[in-house]
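Numbers for residues simply follow the sequence, beginning at 1.
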Amino acid sequence: MRLTLLGTGCPQVDPGRMGPANLVRAGGRALLFDCGSGVTQRLVQAGTRGSEIDALFLTHLHSDHVVDFHQLLVSSWHQGRTRSWKVFGPPGTLGFVERSAALWKPELDIRVAHEKRPNEAGLDVQVTEYADGQAFRGGGVTVTAVKVNHDPFPETYGFVVEQDSLRLVISSDTVAWPPLIAAARGADLLLHEVFIRREMRPDPDHRPQETIDAVASYHTLSTEVGRVAAEADVGMLVLNHFVPTRFDAEAVVADVRAHWPGALVLGEDLMTFDIAARTLSHAGATVAFPL
């Protein structure tokens, strides 16, 4: 099982950290989790085209996690996709896909008619809306949805990905949440979001303290996420979805180390974790776990 971080950012614009998206390769399958800004470009950089994705899993419908859905659909068709997209998402996903299709239909109809490509199957989308605890299996891989707490945003889910004895847990956007900790217990790798409060300085004209407090209230603080990993007793903690995207890395490590002495990685776009081989590859270098 291999995990590639395609986008480790948030709604903040940062060329170094694209929008939330992760690629999991396991059992001969290519599984994409979320499709934030820049996902199609990062997929190509990671050596995988959108046309090769077997299934797309959406954690929730916050814009930064789904904004490049149509780009992913059309670019994969341009890449020669000849099969329907399988999209697994929370309640509301079918409506999101239908509204997206309606928005782009006039443009897409013209494009399809004029470009005369051999098939249109790659533009078809099959949606399955999942529920808490629902599992999907294929190719020896199981993906299980775990409802998390991103209130007041509704219907937000993390995922447990399993192949043989390997377990990867993806937190999605959430506060430190006991059901997620329980689902992650003993996992080989926990990929978890983080909010770095000290880096968020009030600006009355742009970001007052009230706004900072509101955003912090539905994320996991850098001072809390180490406790999550410790309670779950995971093999490795990898942080992503950094809010903000630029921060004092040493200070974040110190926050986490107050509760978590184990393997820790501050995720960066295009890092690849081979969970079975216990290696991390990035920027042409490969190192072994633990780190």
For S37, side-chain hydrogen bond (donor to acceptor under 3.5 Å, both in side chains) partners two or more places apart: none
How many angstroms lie between CD in Q12 and CZ in R17, if you round to the nearest 0.5 Å? 10.0 Å
Single-linkage hydrophobic cluster, 4.5 Å side-chain cutoff, F247 and L264 together: yes
Mark yes or no for whether T220, through its side chain, and T174, through its backbone, hold a donor-acceptor pair below 3.5 Å. yes
OG1-CZ distance between T223 and R198, expressed to the nearest 0.5 angstrom: 8.0 Å
For the residue pair H70 and S100, what are the closest heavy atoms and their distance? CB-OG, 4.1 Å
Taking C-beta and beyond as the side chain, do L280 and T286 meet within less than 4.5 Å on heavy atoms? no
If we only count heavy atoms from C-beta on, is the M1 to V24 side-chain gap below 4.5 Å? yes
Identify whether V256 and M200 are in the same connected component of the hydrophobic contact network (ILVMFWY, side-chain heavy atoms under 4.5 Å). no
Would you call the rings of F57 and F88 parallel, tilted or perpendicular, where under 30° means parallel and over 60° means perpendicular? parallel
Apply the test side-chain contact (heavy atoms from CB on, under 4.5 Å) to residues F273 and M236: give CA-CA distance (whole Å), side-chain angles for both, the deciding distance (0.1 Å), then the verdict. CA-CA 11 Å; F273 300 83; M236 169 176 283; 4.0 Å; yes
Quick one: is the NZ or CZ of R83 closer than 6.0 Å to the six-membered ring centre of W85, and within 45° of its axis? no
Hey, are R257 and E250 close enough for a salt bridge, meaning a charged N less than 4.0 Å from a carboxylate O? no
Can you tell which of W177, Y218, F195, Y157 makes a ring pair (Phe, Tyr, Trp, His ring centres under 6.0 Å) with H150? Y218
Just by distance, with hydrogens left out, do E193 and H219 show a side-chain donor and acceptor under 3.5 Å apart? yes
May I ask you to establish whether R227 and W260 are in a cation-pi arrangement, using a distance under 6.0 Å from NZ or CZ to the six-membered ring centre and at most 45° from the ring axis? no
Whether the side chain of D68 engages the backbone of Q71 through a donor-acceptor N/O pair (distance < 3.5 Å, no angle test) should be reported. no
Do H62 and D173 pair up side chain to side chain, a donor and an acceptor below 3.5 Å, judged on atom types alone? no
Please report the C-alpha distance between T82 and N119 in whole Å, then the side-chain angles of each, then the deciding distance to 0.1 Å, and finally whether the side-chain hydrogen bond (donor to acceptor under 3.5 Å, both in side chains) criterion is met. CA-CA 7 Å; T82 58; N119 75 86; 5.6 Å; no
I'd like to know if the side chain of D34 reaches the main chain of G36, judged simply by a donor and an acceptor atom lying under 3.5 Å from each other, with no hydrogens or angles considered. no
List the steps and the verdict of salt bridge (Lys or Arg N to Asp or Glu O under 4.0 Å) for R207 and D203. CA-CA 5 Å; R207 189 174 56 207; D203 175 356; over 6 Å; no
Pair D54 + K86: basic N to acidic O under 4.0 Å: no
For H282 and E268, what are the C-alpha separation, side-chain angles and deciding distance, and is it a side-chain contact (heavy atoms from CB on, under 4.5 Å)? CA-CA 9 Å; H282 186 237; E268 295 183 22; 3.1 Å; yes
Locate the shortest heavy-atom distance separating E155 from P91; write the atom from each residue and the value. OE1-CD, 3.6 Å
Under a 3.5 Å distance rule, please check whether D188 uses its side chain to pair with a backbone N or O of R167 as donor and acceptor. yes
How far does CZ of F136 sit from OH of Y130, to the nearest 0.5 angstrom? 8.0 Å
Please tell me whether L123 and V39 are part of a single hydrophobic cluster in this structure, the criterion being side-chain heavy atoms less than 4.5 Å apart. yes
Please report the interatomic distance CG(L61) to CG(D64), rounded to the nearest 0.5 Å. 11.0 Å
Passes side-chain hydrogen bond (donor to acceptor under 3.5 Å, both in side chains), T48 versus R25? Steps please. CA-CA 10 Å; T48 301; R25 282 195 167 276; 3.2 Å; yes
Locate the shortest heavy-atom distance separating S222 from D255; write the atom from each residue and the value. OG-OD2, 2.7 Å
So, taking the atom named CG in L73 and the one named NE2 in H78, what distance separates them when rounded to the nearest 0.5 Å? 10.0 Å
Between the main-chain N or O of S51 and the side-chain N or O of Q79, is there a donor-acceptor pair closer than 3.5 Å? yes
CA sep, side-chain torsions, deciding dist, call: L5, L270, side-chain contact (heavy atoms from CB on, under 4.5 Å): CA-CA 5 Å; L5 311 183; L270 297 175; over 6 Å; no
Verify the cluster assignment for F96 and V127: are they in a single hydrophobic cluster under the rule of side-chain heavy atoms below 4.5 Å apart? yes
side-chain hydrogen bond (donor to acceptor under 3.5 Å, both in side chains) for T4 and T272? Distances and angles first, verdict last. CA-CA 4 Å; T4 299; T272 294; 2.8 Å; yes
Distance alone, cut at 3.5 Å: any donor-acceptor contact between the side chains of S172 and T156? no
Indicate yes or no: at least one non-hydrogen side-chain atom of V161 is less than 4.5 angstrom from one of V141. yes
Tell me whether S217 contacts the main-chain N or O of A214 through its side chain, where contact means a donor paired with an acceptor under 3.5 Å. yes
Between W77 and V112, does the side-chain contact (heavy atoms from CB on, under 4.5 Å) criterion hold? Intermediate values first, please. CA-CA 10 Å; W77 181 59; V112 169; 3.9 Å; yes
Can you tell if the side chain of V243 reaches within under 4.5 Å of the side chain of I196, non-hydrogen atoms only? no
Supply the members, apart from V13, of the Ile/Leu/Val/Met/Phe/Trp/Tyr cluster built from side-chain contacts under 4.5 Å; use none for a lone residue. none
Can you check whether T93's main-chain N or O pairs, donor with acceptor, with E129's side chain at less than 3.5 Å? yes
Looking at Q134 and A131, would you say the former's side chain and the latter's main chain have a donor-acceptor pair under 3.5 Å? yes
R185 bridged to D233 by N-O distance under 4.0 Å: no
Would you tell me whether N240 and T8 have side-chain atoms, one donor and one acceptor, within less than 3.5 Å of each other? no
Could you tell me whether a side-chain N or O of R81 sits under 3.5 Å from a main-chain N or O of A121, the two making a donor and an acceptor? no
Hey, quick one: are F242 and L190 part of the same hydrophobic cluster, counting side-chain heavy atoms closer than 4.5 Å, chains of contacts allowed? yes
Taking everything shown except R197 itself, do over 12 heavy atoms lie less than 6.0 Å from its CZ? yes
State the CG-CG distance between L32 and L43, to the nearest 0.5 angstrom. 5.5 Å
